[in-house]
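Have a look at the structure below before the remarks.
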Amino acid sequence: MRAFVLASAPLVWVGRGVCQSAPESAEALYQRGIQAFNAGNYVVACRFLSESYRLDPQLGALFTEATCEMRAGKLATAALHYQDFITRVDSLPPEARERQQERRSVAAEQRAALLPQIPTLRIEVRGRSTTPRLTLNGNVLSEASLGIDLPVDPGDQVLEQRAASGAITIKRITLTAGEHQTLVVQLAENTTTPSPAPAEGTNGAPRSVLPYVLGGAGLLALGAGGVTGALAIGQKNIVKRECDGTSCSRQGLDAADAGKRDGLVSTIAFGIGVVALGAGIVLLATSPKERRGSSSALVLAGDRLVWRGEL
C-alpha cells in the first residue's frame, strides 16, 4: 500500500538529491519533465527526464524516469531502469545508501510488480547454417539472443531480416502486457550473412575504413572532454559558493571531489581525441581516393523493402 501511494502521488516529492550541483540545462530538462508528468503527458515527460539523466546522471532523475516509463506503459524499460537504480543505490557508501532506502524499497516493489506483466518475444531461426542478420526494434540480435524469451515493451514489435541477396524482410507483431509470442524465421539451408563489398581505390585495392574509425573516435573523445570539462567548471562554481577558504559544506566537498574527477577525465579525453583525430586525418590524406559512380537505393518490391545497387 505504501508503494502504491507513493507511486500514485505527483512526483514533486521525488527530488534529485543534489540537484543544486546539476548543470542548469539538465535541471531545466528535469523540471520540464516533472511538469509534463504531473500533466499526464508521460511520453513527453519521459523524453525530458531521459535527456536530463543523460546529461547529469542523478539518482532522483533515474528513479523518476523509471516511474514515468511505467506510467507510459514501457514496462520492460521501466523494470530495467528500476534495477539500474537499485544497483546504483547498493553501491553507495552506507550513509548515502541509507538516505535512498525509501526510494530503493519503492523501486524494488514496483519492479517486482512489473515483471509478470512484461511481454516476451522469442525469435526462432530455422533452416540455417550461419547466423542471419536480424534486428528487433532497431537492435541487432546476436546468436545468444535467438531461441530465448526477450523482454520487450508492450506494443508493436518490428523484426527486420536481411537475406544473403541483400533483400530486407520486415515482420510486425503486436504484444500486450503479459503476452508471450514466438516468431519463426525460415531460411534456406547454407544461407550466409551478406557482407558489404569493400570500397576500392583507383588501383582496385580495398580501401581501409581505419581513418574514419579513428576520426570518429577522436570526435567522440573531444565531445566527451568538452562535456566533462563543462561539468568540472560547474563543480568549481559550487566550491566557490559553498567554501569560505577554511571550511566547506558537505555539498562543497562533494563538488570538489567531482570537479577533480571530471577535470582529469576531460584532460585525458581531449588528449585521446586530438591524437585519434590527427591520426585519422593523416591516414585519410595518404589513402587512395574512392572510386566514384557506385550508388544504392532502398525500394519497395511487393511487401518487402529491397536494396538495389551496391551496399
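Only heavy atoms go into these numbers, but all of them, side chains included; no hydrogens, no water, no symmetry mates.
For Arg99, there are no side chain to side chain donor-acceptor pair (under 3.5 Å) partners at least two apart in sequence or on another chain. In this view, Arg88 satisfies the salt bridge (charged side-chain N to carboxylate O under 4.0 Å, His left out) rule with no residue, not counting sequence neighbours. Not counting sequence neighbours, the partners of Arg111 by the side chain to side chain donor-acceptor pair (under 3.5 Å) test are Gln83. Contacts of Phe85 classified as ring pair (Phe, Tyr, Trp, His ring centres under 6.0 Å), with partners at least two apart in sequence or in another chain: Phe63. Partners of Arg104 according to the salt bridge (charged side-chain N to carboxylate O under 4.0 Å, His left out) rule, which considers only residues two or more places apart in sequence or in another chain, are Asp90.
Thr174 places no side-chain N or O within 3.5 Å of a backbone atom of Gly155 that could act as its donor or acceptor partner. A distance-only check finds a donor-acceptor pair linking the side chain of Asp153 to the backbone of Ala76 [under 3.5 Å].
The nearest pair of heavy atoms linking Leu141 to Leu159 is CD1-CD1, 4.0 Å.
No side-chain donor-acceptor contact under 3.5 Å links Thr64 and Tyr53. Remark: the Glu27 side chain and the Gln31 side chain contain an N/O donor-acceptor pair separated by less than 3.5 Å.
Taking the six-membered ring for Trp, Phe37 and Tyr42 have ring centres closer than 6.0 Å.
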Let me have the donor-acceptor pairs involving side chains of residues 114-122, under 3.5 Å, with sequence neighbours excluded, atom names and distances please.
residue, atom, partner, partner atom, Å
Gln117, NE2, Ala113, O, 2.9
Thr120, OG1, His180, ND1, 2.5
Arg122, NE, Asp149, OD1, 3.2
Arg122, NH1, Gly147, O, 2.5
Arg122, NH2, Asp149, OD1, 3.3

